[in-house]
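Proteins get letters first, then strands, A, B, ... in listed order; numbering begins at 1 in each. These figures come from a predicted structure and were not determined experimentally.
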2 protein chains.
Amino acid sequence: MLEQFKKHLDKFVKISDDEFVDITQYFELQRLKKKENVLTEGQICKANYFVLDGILRKFFINEKGGQQTTEFAIENWWMTETFSYINQTATAFYIQAVHPTEVLVIRKQAYDELLEKHPALEKYFRMVYQKAYAAAQMRIKFLYEYSREELYLHFLKDQPAFLQRVPQYLVASYLGFTPEYLSEIRKKNLS
Amino acid sequence: MLEQFKKHLDKFVKISDDEFVDITQYFELQRLKKKENVLTEGQICKANYFVLDGILRKFFINEKGGQQTTEFAIENWWMTETFSYINQTATAFYIQAVHPTEVLVIRKQAYDELLEKHPALEKYFRMVYQKAYAAAQMRIKFLYEYSREELYLHFLKDQPAFLQRVPQYLVASYLGFTPEYLSEIRKKNLS
DNA sequence: CGGTCTCTTGACGGAGTTCAAAGCTAGTGG
DNA sequence: CCACTAGCTTTGAACTCCGTCAAGAGACCG
């Protein structure tokens with residue numbers, strides 16, 4: 001499990017084995033059950049989660065009482081509610097395990113201390129957030145550019161493996177439409 | 001102009017005056033005319049722009065040939081096409097000055113060298129991107145949560161000053177609908 | 001002042017939602 | 001290992017938000 005994280009870090013920065021051992025002190029391993037929440041609306045988001053295995057999703061409850069998924073995280077991705085995490089304010093989001101999921105957890109205070117002690121990780125997180133920001137920008141472009149149907153077909157083409165891993169109503173929720181409409185689109189496009 | 005940038009940096013990290021002088025060597029000041037482009041579709045995004053005064057906007061051309069604005073940057077914000085900038089790949093976006101605008105420019109190579117020489121800025125950019133990412137996440141939430149009309153009313157309430165600074169058709173383009181519909185909404189909500 | 005941008009108005013159409021109900025699937029306990 | 005149930009997926013009809021098109025009214029700039 002930890003080798004996996006080390007391998008991931010190595011893609012961005014040079015960390016000695018000794019340094020890595022110290023770094024791991026700041027993290028904690030957690031196993032989540034299916035549908036277990038690590039963050040609930042109204043709470044302050046106290047931790048950042050690095051997914052080792054499984055899937056996390058982030059969602060909020062809209063006016064009509066439905067769950068609106070805004071993000072998934074799979075292996076080797078970070079998941080947190082960044083705004084609440086950095087400002088330590090109450091969140092409007094839930095973070096939940098879609099399947100049984102294994103995560104590395106780093107709490108806010110540990111995160112600040114870790115970066116203080118290991119400046120090499122400033123570079124790592126700078127690069128991770130830079131990448132995440134770029135991805136969010138492209139996501140916003142897609143939301144503007146494509147119709148709901150096109151979003152689905154695009155997703156189907158780009159992430160066929162991912163589609164197998166989550167139920168359809170979550171895909172619909174992520175793409176911003178209803179399960180009923182997803183059904184209609186799927187019927188129209190063969191299958 | 002440079003004091004303004006120094007003041008901005010001071011909000012995130014401690015930089016000595018000497019260090020700051022060296023840092024400024026990596027930047028270049030540029031004055032843009034109204035509607036001047038600093039990035040065009042198909043190019044590789046070679047620079048990151050820090051707005052000192054004025055407004056930049058980023059947009060792409062959609063299938064119907066219309067301009068779809070995805071982002072504005074005002075004083076003390078960075079603007080670039082992050083994906084193209086970090087990967088040095090061709091972009092689908094334009095970056096254009098809405099009004100006459102003054103920017104600090106840092107080219108990709110200078111950026112890499114700057115971070116190498118001044119690790120304190122790793123922390124600065126880590127925090128900036130972390131914040132930008134959090135903002136993008138909230139933006140995505142809004143896009144999912146609100147109807148076009150609600151997006152406008154929300155924007156009207158949150159950014160009344162900004163509305164005065166850009167023409168309405170750009171506001172419509174940013175919010176993802178047509179000028180005609182904006183007109184209708186405005187009529188419906190008084191004045 | 002003349003022309004080109006920008007903003008408004010109204011009629012019509014279509015993508016996508018809502019609601020209700022029925023069929024299907026998978027997990028759970030007995 | 002089967003049966004039952006809760007949750008997931010499909011169907012269809014009515015409705016709504018918002019885009020498109022076309023045309024006119026202002027407004028800004030040389």
Side-chain angles (χ1 to χ4, degrees), chain A residues 32-37 54-55 57 59 61-69 72 94 96-101 142-156 162-191, chain B residues 33-36 55 57 59-69 72 96-100 142-156 162-191:
Chain A
L32 307 171
K33 288 181 217 157
K34 184 175 172 172
K35 301 223 174 181
E36 184 173 346
N37 288 324
I55 302 183
R57 79 178 174 111
F59 65 92
I61 307 292
N62 61 29
E63 294 167 354
K64 290 151 206 147
Q67 299 185 355
Q68 177 59 61
T69 302
F72 289 108
Y94 297 75
Q96 186 179 84
V98 176
H99 299 305
T101 298
F142 285 165
L143 287 175
Y144 278 127
E145 189 169 19
Y146 298 122
S147 69
R148 306 294 163 124
E149 179 171 4
E150 287 169 330
L151 280 177
Y152 172 73
L153 295 175
H154 208 275
F155 192 71
L156 182 64
F162 186 80
L163 269 179
Q164 308 300 318
R165 295 179 61 183
V166 297
Q168 297 201 7
Y169 73 98
L170 286 186
V171 173
S173 169
Y174 175 71
L175 295 176
F177 49 75
T178 59
E180 291 94 327
Y181 188 56
L182 177 53
S183 226
E184 198 178 319
I185 295 171
R186 282 166 51 83
K187 194 170 91 182
K188 196 158 68 178
N189 296 276
L190 322 180
S191 114
Chain B
K33 289 182 215 155
K34 184 173 173 173
K35 302 225 173 178
E36 184 174 345
I55 303 183
R57 78 179 175 110
F59 65 92
F60 65 91
I61 306 293
N62 60 30
E63 295 168 352
K64 290 152 205 148
Q67 298 185 354
Q68 177 59 61
T69 302
F72 288 109
Q96 185 179 84
V98 176
H99 299 305
F142 285 165
L143 287 175
Y144 278 126
E145 189 168 21
Y146 298 121
S147 69
R148 306 296 164 127
E149 179 170 6
E150 287 169 330
L151 280 176
Y152 173 72
L153 295 174
H154 208 275
F155 192 72
L156 182 65
F162 185 80
L163 269 180
Q164 308 301 318
R165 295 180 61 185
V166 296
Q168 296 200 8
Y169 73 96
L170 285 187
V171 173
S173 169
Y174 176 71
L175 295 175
F177 49 76
T178 59
E180 291 94 325
Y181 188 55
L182 178 52
S183 226
E184 197 180 320
I185 295 171
R186 282 165 52 83
K187 192 170 97 181
K188 195 158 70 178
N189 296 275
L190 320 180
S191 106

Using a 4.0 Å heavy-atom cut-off, write out nucleotides 22-30 of chain D from 5' to 3' as B (base contacted by protein), S (sugar-phosphate only) or - (no contact).
---------
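DNA chain C lies under 4.0 Å from at least one heavy atom of each of the following residues of residues 144-156 of chain A: A:Ser147, A:Arg148, A:Glu149.
B:Phe142 and B:His154 have tilted rings, their planes meeting at an angle from 30° to 60° on a 0 to 90° scale.
Taking the side chain as every heavy atom from C-beta outward, A:Pro100 and A:Lys33 never approach each other to under 4.5 Å. In this structure, the side chains of B:Arg57 and B:Tyr174 stay at 4.5 Å or more apart for every pair of heavy atoms. Residues B:Leu153 and B:Tyr146 are not in side-chain contact: their nearest non-hydrogen atoms beyond the backbone lie 4.5 Å or more apart. No side-chain heavy atom of B:Phe177 sits less than 4.5 Å from a side-chain heavy atom of B:Glu149.
Within 4.0 Å (heavy atoms only), A:Gly176 reaches sugar-phosphate atoms of the nucleic acid but no base atom.
Remark: P of C:dG16 and CZ of B:Phe177 are 18 Å apart, rounded to the nearest angstrom. A:Glu184 has its CD atom 10 Å from the P atom of C:dT17, to the nearest Å. Atom CG of B:Asn189 is separated from atom P of C:dT8 by 13 Å (rounded to the nearest Å). Between B:Leu175 atom CG and D:dC17 atom P there is a gap of 18 Å when expressed in whole angstrom units. Taking atom CG on B:Leu182 and atom C1' on D:dT20, their separation rounds to 16 Å, with Å as the unit. In this structure, CD1 of A:Ile185 is placed 13 Å from P of D:dT11, rounded to the nearest angstrom.
If you check the side chains of A:Asn62 and B:Glu145, you find no donor sitting under 3.5 Å from an acceptor.
For B:Glu36 (side chain) and B:Gln96 (main-chain N/O), no donor-acceptor pair under 3.5 Å exists by modelled atom type. At distances below 3.5 Å, not a single donor-acceptor pair connects side-chain atoms of A:Thr69 with backbone N or O atoms of A:Ser173.
For D:dT10, one of the phosphate oxygens OP1 or OP2 lies less than 4.0 angstrom from a side-chain nitrogen or oxygen of A:Arg186. Here A:Lys187 reaches the OP1 or OP2 of D:dG12: one of its side-chain N or O atoms lies under 4.0 Å away. For the OP1/OP2 pair of C:dT18 and a distance below 4.0 Å, the side-chain nitrogens and oxygens of A:Lys64 include at least one atom meeting the criterion. A close approach under 4.0 Å does occur between a side-chain nitrogen or oxygen of B:Thr178 and OP1 or OP2 of D:dG19. Between D:dG19 and B:Tyr181, no contact under 4.0 Å exists linking OP1 or OP2 to a side-chain N or O.
Taking CD from B:Gln168 and OH from B:Tyr152, the interatomic distance works out to 6.0 Å, rounded to the nearest 0.5 Å. Summarising the geometry, atom CD belonging to A:Gln68 is positioned 10.0 Å from atom CD1 belonging to A:Ile61; distances are rounded to the nearest 0.5 Å. Distance check: B:Asn189 CG to B:Leu156 CG gives 8.0 Å after rounding to the nearest 0.5 Å.
Aromatic ring centres of A:Phe72 and A:Phe162: separated by under 6.0 Å.
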For nucleotides 6-8 of chain D, list the nitrogen or oxygen atoms of the protein found under 3.5 Å from its nitrogen or oxygen atoms, one pair per line.
from  : atom 1 : to       : atom 2 : distance (Å)
D:dC8 : OP1    : A:Tyr169 : OH     : 3.1

